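All of these numbers come straight from a predicted model, not from anything done at the bench.
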Amino acid sequence: MHTTSPTGRNGPVLRYDDHVHAGAYSGHAAPFPLGELTTAAEAARLTVCLREHAPLPPRFIRTFPGAVRITPDTPGAGRAVGLFIEGNGLEQDNLDDFFSDVAAAGLLLGFEIDALDAEWLPDSIAVMQALEERAARHGLAIECFNLSHHYPWDASYGGLQAALAVVGGAERFLKGYFATLRNYVRTGLFGAVSHLESLRKFDRTAADGPPFAGLMPLYHKEIGLTLETMRRYGTALEYNTNGLTTWGRAYLSPETLTAAVALGIPIVVGSDAHVPAAVGRGFAGAAAELAAAGVQEVVTFRARRAERVPLAGATAAP
């Protein structure tokens, strides 16, 4: 069944943007009134839900104080994470301000948790528990925790090059990247994995070619293992349209999307918008690609539970 899209064309429609950020609270975007996210969502006929970068574990920040900043070859870009939690050693804790602004704007709340080395997993879980407790004081519930991998490579190609050098090359990096994600997925605490293939973001811009070009068999093997782990633990896979700005396509390749659909892994869609104008970016193309891949429904999250939503959205007008 086809529906009328917000642009007036017939076809499958997405109604939920389940990955947006709250301006300066993200640590790498300009401030804006959070109500503007609601206004942008209404204009796009979407419901949005935050996936703000959660505070890094306090012990991690105290151990690696430089990790809270973008890598040196992007000077002036600001902090990589804008939210801080008590005990971080920086004398900063802005969570109450954040939660107050979210409540005032009437936004749905969710977080991205950074997948770190195995030793930090208990610290990450402690941060998640603290976030739920603090949010509850403001009358807020956390709809979903997404799992993401950002450190220490994501901010720039120079950062990725440095990370490859530290771990001993691209092969070891790939294995560590996916193994770290699987380790966190096995907790069963995460609703979705965000931008699984964002490590391909420098493929088009790297002066010496795509960093993992010679390792595609290993790459696809690791993705297969990761998807199987996600299937086992009921974790959704995010179709993230922010890849359009870097990789030239969503952070979900056709091959990975096909494999996920074959395994029955739920798909959640997010723009990764850091400004209101980016809410719903690329969603018409996303809906068409998902439908062509055989996706009949996507998921959104409420109270940490996935809710299935037909890709077609509302009934077509007569």
Side-chain angles (χ1 to χ4, degrees), residues 18-19 51-54 56-57 60 67 80-81 110-128 144-155 159-160 163-164 166-203 211-212 215-240 242-243 246-247 250-253 255-257 259-261 263-270 272 299 301 304 306:
D18 279 293
H19 190 152
R51 292 294 187 275
E52 196 49 84
H53 299 296
L56 289 167
F60 183 85
V81 170
F111 286 98
E112 280 188 273
I113 299 292
D114 284 289
L116 305 169
D117 290 342
E119 68 172 293
W120 304 106
L121 178 54
D123 297 76
S124 296
I125 293 173
V127 168
M128 296 165 69
C144 187
F145 284 109
N146 280 28
L147 176 63
S148 299
H149 199 304
H150 294 109
Y151 289 97
W153 62 273
D154 174 71
L160 176 60
L164 294 178
V166 167
V167 302
E171 180 175 345
R172 292 189 67 179
F173 179 90
L174 277 181
K175 290 179 178 178
Y177 175 92
F178 289 108
T180 298
L181 288 171
R182 292 194 294 268
N183 186 41
Y184 273 64
V185 167
R186 291 187 190 101
T187 66
L189 296 174
F190 298 94
V193 172
S194 286
H195 43 68
L196 177 66
E197 295 187 88
S198 62
L199 76 170
R200 304 281 302 278
K201 69 193 298 182
F202 304 112
D203 277 11
F212 308 106
L215 294 168
M216 283 297 100
L218 173 63
Y219 179 84
H220 291 301
K221 175 184 177 182
E222 291 290 337
I223 281 185
L225 292 172
T226 304
L227 292 178
E228 179 57 39
T229 303
M230 293 169 61
R231 182 202 62 78
R232 193 177 310 130
Y233 288 88
T235 309
L237 178 64
E238 183 187 73
Y239 184 109
N240 185 304
N242 191 37
T246 55
W247 195 16
Y251 286 133
L252 196 59
S253 66
E255 297 84 359
T256 302
L257 176 59
V261 171
L263 287 171
I265 294 174
I267 303 295
V268 61
V269 184
D272 215 336
V299 295
F301 291 86
R304 310 281 300 276

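Under the 3.5 Å distance criterion, with hydrogens and angles disregarded, no donor-acceptor pair is assigned to the side chains of H220 and E255.
Two residues are said to be in side-chain contact when any heavy atoms from C-beta on lie closer than 4.5 Å; L225 and F178 fail this criterion. Here the side chains of N242 and H195 are not in contact, with every heavy-atom distance at 4.5 Å or above. By the 4.5 Å heavy-atom criterion applied to side chains, D18 and E238 are not counted as neighbours. Taking 4.5 Å as the limit, some side-chain heavy atom of L160 sits within range of a side-chain heavy atom of P211. Side chains of Y151 and V81 form a contact here, defined as non-hydrogen atoms less than 4.5 Å apart. S194 has its side chain within reach of H19: a pair of non-hydrogen atoms, C-beta onward, lies under 4.5 Å apart. A heavy-atom distance below 4.5 Å is found between the side chains of L189 and R304. Side chains of Y251 and T246 form a contact here, defined as non-hydrogen atoms less than 4.5 Å apart.
Between H53 and H150, the ring planes are perpendicular. Angles over 60° get that label, and only those under 30° would be called parallel.
In this structure, CZ on F145 lies 10.0 Å from CZ on R51, to the nearest 0.5 angstrom. The distance from the CD1 atom of I113 to the CG atom of L147 is 8.5 Å, given to the nearest 0.5 Å. Atom OG of residue S148 and atom CG of residue D114 lie 6.5 Å apart, to the nearest 0.5 angstrom. Between H149 atom NE2 and Y177 atom OH the span is 6.5 Å, to the nearest 0.5 Å. Atom CG in L252 sits 7.5 Å away from atom OH in Y239 (nearest 0.5 Å). Atoms CG and CD, on L263 and E228 in that order, are 6.0 Å from each other to the nearest 0.5 Å.
Shown here for A236 and V299, the closest heavy-atom pair between the two residues is CB-CG2, 4.1 Å. Contact detail for T235 and V185: the closest heavy-atom pair is OG1-CG1, 3.6 Å. Considering all non-hydrogen atoms of both residues, L199 and F212 come closest at O-CE1, 3.4 Å. Contact between A192 and C144 at its shortest, heavy atoms only, is N-SG, 4.3 Å. Considering all non-hydrogen atoms of both residues, A54 and F111 come closest at CA-CD2, 3.9 Å. Scanning both residues, W247 and S253, for their nearest heavy atoms gives CH2-CB, 4.0 Å.
For R232, the CZ atom sits in a packed shell: over 12 heavy atoms of surrounding residues, nucleotides or ligands are nearer than 6.0 Å.
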Worked verdict on M230 versus L181 for side-chain contact (heavy atoms from CB on, under 4.5 Å):
CA-CA 10 Å; M230 293 169 61; L181 288 171; over 6 Å; no

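Judged by distance alone, the side chain of S198 and the main-chain N or O of K201 form no donor-acceptor pair under 3.5 Å.
Applying the side-chain hydrogen bond (donor to acceptor under 3.5 Å, both in side chains) test to pairs two or more places apart or on separate chains, those with a residue in residues 116-125 are R59-D123, S124-Y184.
Here K221 pairs with nothing under the salt bridge (charged side-chain N to carboxylate O under 4.0 Å, His left out) rule; sequence neighbours left out.
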